[in-house]
Amino acid sequence: MNNAITLFRIRGIEIRMHVTFPLILIWAAFYFGVFTSQGWEGAAFGVIVTLILFAIVVLHELGHALTARGFDVPVKRIVLLPIGGVSQMGSIPEKPSQELAISIAGPAVNLVLAVLLVLAGRGLLPDKLTNASALMSNVGKLTFESIFLYVFATNIFIGAFNLLPAFPMDGGRVLRALLATRLEYTRATGIAVAIGQIAAWGLGLWGFMSGNLLLILVAIFIYMGAGMEGRTVRLRSVLRDLRTEDAYSRNVSTLSPGQTLQDAADLTLHSSQANFPVCKDGEVVGLLTLQGLVQALKQQPVDTPIDQIMLTEVPLLEPSDKLFQVQQKLSDNGYDALPVGKGGNFLGIITSRDINEIYQLATSSPALFPKRVEAGQSA
Ligand SMILES: [Zn+2]
């Protein structure tokens with residue numbers, strides 16, 4: 001994700017803050033300053049609790065990220081957005097026990113924090129932790145007690161909200177993992193998606209009846225997130241039976257390392273191709289993406305040779321590679337295209353568009369790929 005600033009690293013995981021993040025601090029200062037009528041005291045309260053809550057969000061995400069890394073899932077970074085945290089990691093394993101552990105680890109962090117806070121606060125605040133009106137009457141006051149109560153309650157809320165049994169919340173994954181211990185993965189996902197969408201309708205209706213706009217937005221977010229997870233899993237189940245040779249583009253134009261940004265720009269404009277393998281003596285030595293070309297043109301003269309800006313160490317796919325894995329490689333690395341070759345010799349490229357095309361053809365007419373589908377079913 002661009003437009004983010006690296007704050008620090010924890011065990012090699014980058015913690016980044018999106019540039020819009022300070023907006024939430026301004027909003028919190030305004031909200032607690034004005035709506036609790038506490039003025040500057042309320043504003044300071046808003047900023048302090050927001051910073052503490054985002055520390056809690058980082059711990060929640062680290063729960064997911066470190067558990068995922070324990071199962072060899074690569075974790076790139078955690079990005080803090082005004083709406084919460086996002087862990088950017090490789091594909092989560094389909095093995096139910098692993099998905100369950102990774103998904104539950106985040107809310108488990110909130111539970112552990114809640115227990116620690118109760119233990120720490122027990123002596124200080126005997127009866128207020130379970131008293132909602134005491135909690136609300138303290139909001140916005142710049143005292144240790146009010147900050148403690150607010151952070152405690154919100155930590156519980158973060159944990160509980162994430163356990164809603166609906167994608168893209170953690171609870172949706174927990175539900176799918178539990179279903180997948182008994183059912184086939186695609187079927188388990190289908191049921192989890194349906195339950196999530198029903199829950200979204202319920203939330204939306206509740207928001208509508210109570211005039212709560214935020215609840216309606218959350219419902220829409222959950223409904224769309226659930227649909228997207230369903231589509232991703234259906235896509236993967238189709239791609240599992242297909243191979244790179246079924247979909248990659250032949251007859252593509254290539255560049256040589258000595259050609260210039262000008263040559264690449266001309267080729268981009270005069271062909272339908274946007275990503276170019278860079279070849280030397282028939283072997284792929286790099287890849288020039290449209291994004292890479294645009295970036296380079298902003299900073300470098302047009303006669304810069306391609307080999308100074310191309311991506312190197314790009315994986316070369318084999319025609320026999322399963323499309324399921326190719327799609328994962330594309331999305332995990334953020335590539336739009338990858339070169340295909342055999343024994344080091346260049347054959348063509350495969351793009352996300354090629355994958356989308358074959359998915360549409362294979363779902364509308366499985367007869368187009370008879371051997372593949374049979375092989376997949378018997379495997
Ligand atoms: Zn989570």
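Just follow the structure's listing: the first ligand is 1, and inside any ligand the first atom is 1.
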Acceptor/donor pairs from residues 307-317 side chains to any protein atom, 3.5 angstrom cut, sequence neighbours excluded:
none

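For the pair Arg236 and Phe324, the NZ or CZ position fails the cation-pi test of under 6.0 Å to the six-membered ring centre and within 45 degrees of the ring normal. Cation-pi geometry between Arg250 and Tyr248 is met: the NZ or CZ atom falls under 6.0 Å from the ring centre, inside 45° of the normal.
Take Phe54 and apply the ring-ring contact (aromatic ring centres under 6.0 Å, His included) test, not counting sequence neighbours, and it matches Phe21. Partners of Phe157 according to the ring-ring contact (aromatic ring centres under 6.0 Å, His included) rule, which considers only residues two or more places apart in sequence or in another chain, are Phe161.
By the 6.0 Å contact criterion, CZ on Phe71 is enclosed, its count of non-hydrogen atoms from other residues, nucleotides or ligands being greater than 12.
Closer than 2.8 Å to the Zn ion (ligand 1) sit the protein N, O or S atoms His60 NE2, His64 NE2, Asp170 OD1, Asp170 OD2.
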